[in-house]
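Following: one structure in C-alpha cells, then a few remarks.
Side chains included, hydrogens not; waters and symmetry mates left out as well; all remaining heavy atoms used.
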Amino acid sequence: MISLTDIHESRGGAPVPEFAGVRVCAVGTGEKHSLARVVDDATGQGLSVLIRCCRGSLAAGSGHVGVGMCLEWDAADPARVEESPMQAIAVVTALPGERTSAGVYRHGSLVCRAFDDVAVAWLSGDDAALASRVAELVGCLSDESVRSVQHARQKIAYGARGAMDDHMAAPLTIPQLAEICATSPTVLKESFRGEFGLPVYEWYRRLRMLRASELLCEGAAAVGEVAAKVGYSNPSKFARAFCDCMGAAPSVFKQM
C-alpha cells in the first residue's frame, strides 16, 4: 500500500510534521491496514494524530466507527481500517498507556476538505503552505461549522477552493474561477496564493491528482475512467501528471 507519507518521505521530505502537539499522517486505504501501527509510529509523547482514510471504516475488536461516531480502544488492541464505501478522516488521539479514541468526519465536510488541503500542501513540499493548512485544519476540528474568513481576499481564495471541489471532471479556468468569485483573474491569483501558498493552477492540479489516487485505490474504475473524472481526456497525459505529482504510476495505485 502506498501512502502520502511514503511519497513525502521518498522525495527526501522532512519527518511527519508536528504543529502544537498535532501530528499529521495521510494514509491510503487497504484491507485491515493497521491503524495501531500508524499511531504507534507517530506518537510517543501524547500527540493527536490526524489520519485521512481514502476509503474505509475504523474497527477495533468488534467495534466499528462510522461518520459522526467516536470509537475508543485500548492501545494494545489491533485497530484497523477495513474496506467500505465510506470516505472519511479519522482524528486519533493517543496518549501513552491510555485509551485511544477516533472521530470520523464525512467526506466533503469542512474537516475533510481542510485535510485534503493539508495533503496538497504536503505533496507540494512547501513548509509555509503546510503550516498554514494545518492551522486551518486544527481550527476546523475545534468548530467544524465555522471557518474563519476575516478578509475579502480570504473569501475569494476559499470561494475558488470550493469551486475546485465542485468541478473535478471539467476543471475551470482561472477566468472562470474569478467569475464565480466575482473578482478579476489577477486578484484571484494574488488572493489564492496569499492564503494557500501556491498558485491556483498548481493547487488545482495537485488536488485533482489526490482525488484520482482515491478513485484508483477504490479499484472499480479503469485508469482511463479515473482520468476522465479528474478532467483528463488523454490517459497518457493523465498518467504523466499523476506520476509527477504522486511519485508512482496510476497502475501502481490501481493494484493496491
Side-chain angles (χ1 to χ4, degrees), residues 1-17 24-35 37-38 41-42 50-56 80-90 107-108 112-113 115-127 129-130 133 164-165 167-172 196-256:
M1 185 189 77
I2 294 176
S3 72
L4 295 181
T5 307
D6 297 330
I7 295 169
H8 178 72
E9 292 179 349
S10 71
R11 294 178 172 181
V16 178
V24 179
C25 293
V27 299
T29 186
E31 186 175 0
K32 300 187 185 304
H33 178 63
S34 173
L35 182 61
R37 180 184 62 77
V38 175
D41 290 348
L50 312 180
I51 298 177
R52 175 73 154 87
C53 305
C54 295
R55 183 180 70 156
R80 308 179 298 281
V81 175
E82 293 191 336
E83 294 293 332
S84 84
M86 182 182 70
Q87 296 183 348
I89 175 177
H107 182 71
C112 282
R113 181 176 289 179
F115 195 98
D116 286 347
D117 289 342
V118 169
V120 171
W122 193 345
L123 290 170
S124 76
D126 188 310
D127 290 341
L130 179 59
R133 294 304 93 204
M164 291 177 186
D165 261 348
H167 296 83
M168 287 285 179
L172 300 171
F196 286 86
L198 290 175
V200 176
Y201 176 77
E202 183 63 18
W203 194 277
Y204 207 170
R205 184 175 72 95
R206 292 183 183 277
L207 183 65
R208 290 157 62 198
M209 295 303 104
L210 183 66
R211 189 69 66 246
S213 72
E214 295 178 354
L215 294 170
L216 290 165
C217 285
E218 291 180 6
V223 171
E225 293 177 272
V226 171
K229 287 182 178 180
V230 294
Y232 281 82
S233 58
N234 186 317
S236 295
K237 288 185 177 180
F238 164 72
R240 287 194 295 272
F242 187 90
C243 190
D244 178 61
C245 182
M246 304 300 291
S251 57
V252 174
F253 276 73
K254 178 75 173 168
Q255 295 168 4
M256 291 196 315

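- For the pair Tyr232 (side chain) and Ala169 (backbone), a donor-acceptor distance under 3.5 Å is absent.
- Using a cutoff of 4.0 Å between basic side-chain nitrogens and carboxylate oxygens, Glu225 and Lys229 are not scored as salt-bridged.
- Leu207 CG to Met168 CE: the interatomic distance, rounded to the nearest 0.5 Å, is 3.5 Å.
- Here the shortest heavy-atom pairing between Cys243 and Ala249 reads SG-N, 4.2 Å.
- The pair Asp244-Arg205 meets the salt-bridge criterion, since a charged nitrogen lies less than 4.0 angstrom from a carboxylate oxygen.
- The closest side-chain heavy-atom distance from Val223 to Phe238 is below 4.5 Å.
- Counting heavy atoms from C-beta outward, Met209 and Val120 have side chains that stay 4.5 Å or more apart.
- The two residues Ala227 and Pro235 come nearest to each other via the heavy atoms CB-CA, 4.4 Å.
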Ser124 vs Arg206, side chain to side chain contact (heavy atoms under 4.5 Å, CB included): CA-CA, chis, key distance, verdict
CA-CA 8 Å; Ser124 76; Arg206 292 183 183 277; 4.0 Å; yes
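- Between atom CG of residue Leu130 and atom CG of residue Asp117 there is a gap of 11.0 Å, rounded to the nearest 0.5 Å.
- Rounding to the nearest 0.5 Å places CE of Met246 at 9.0 Å from CG of Leu216.
- With rounding to the nearest 0.5 Å, the separation of CZ in Arg240 from SG in Cys245 is 15.0 Å.
- Taking CG of Asp126 as the reference point, atom CH2 of Trp203 lies at 8.5 Å (rounded to 0.5 Å).
- By the 4.5 Å heavy-atom criterion applied to side chains, Val230 and Phe242 are not counted as neighbours.
- Looking only at side-chain heavy atoms (C-beta outward), Val226 and Arg211 stay at 4.5 Å or farther from each other.
- Looking at heavy atoms from C-beta onward, Glu202 lies out of side-chain contact with Phe196 at the 4.5 angstrom threshold.
- Of the possible donor and acceptor atoms, none in the side chain of Arg133 sits under 3.5 Å from a partner among the backbone N and O of Ala121.
- Minimum interatomic distance between Arg208 and Gly231 (heavy atoms only, all atoms of both residues): NH2-O, 3.6 Å.
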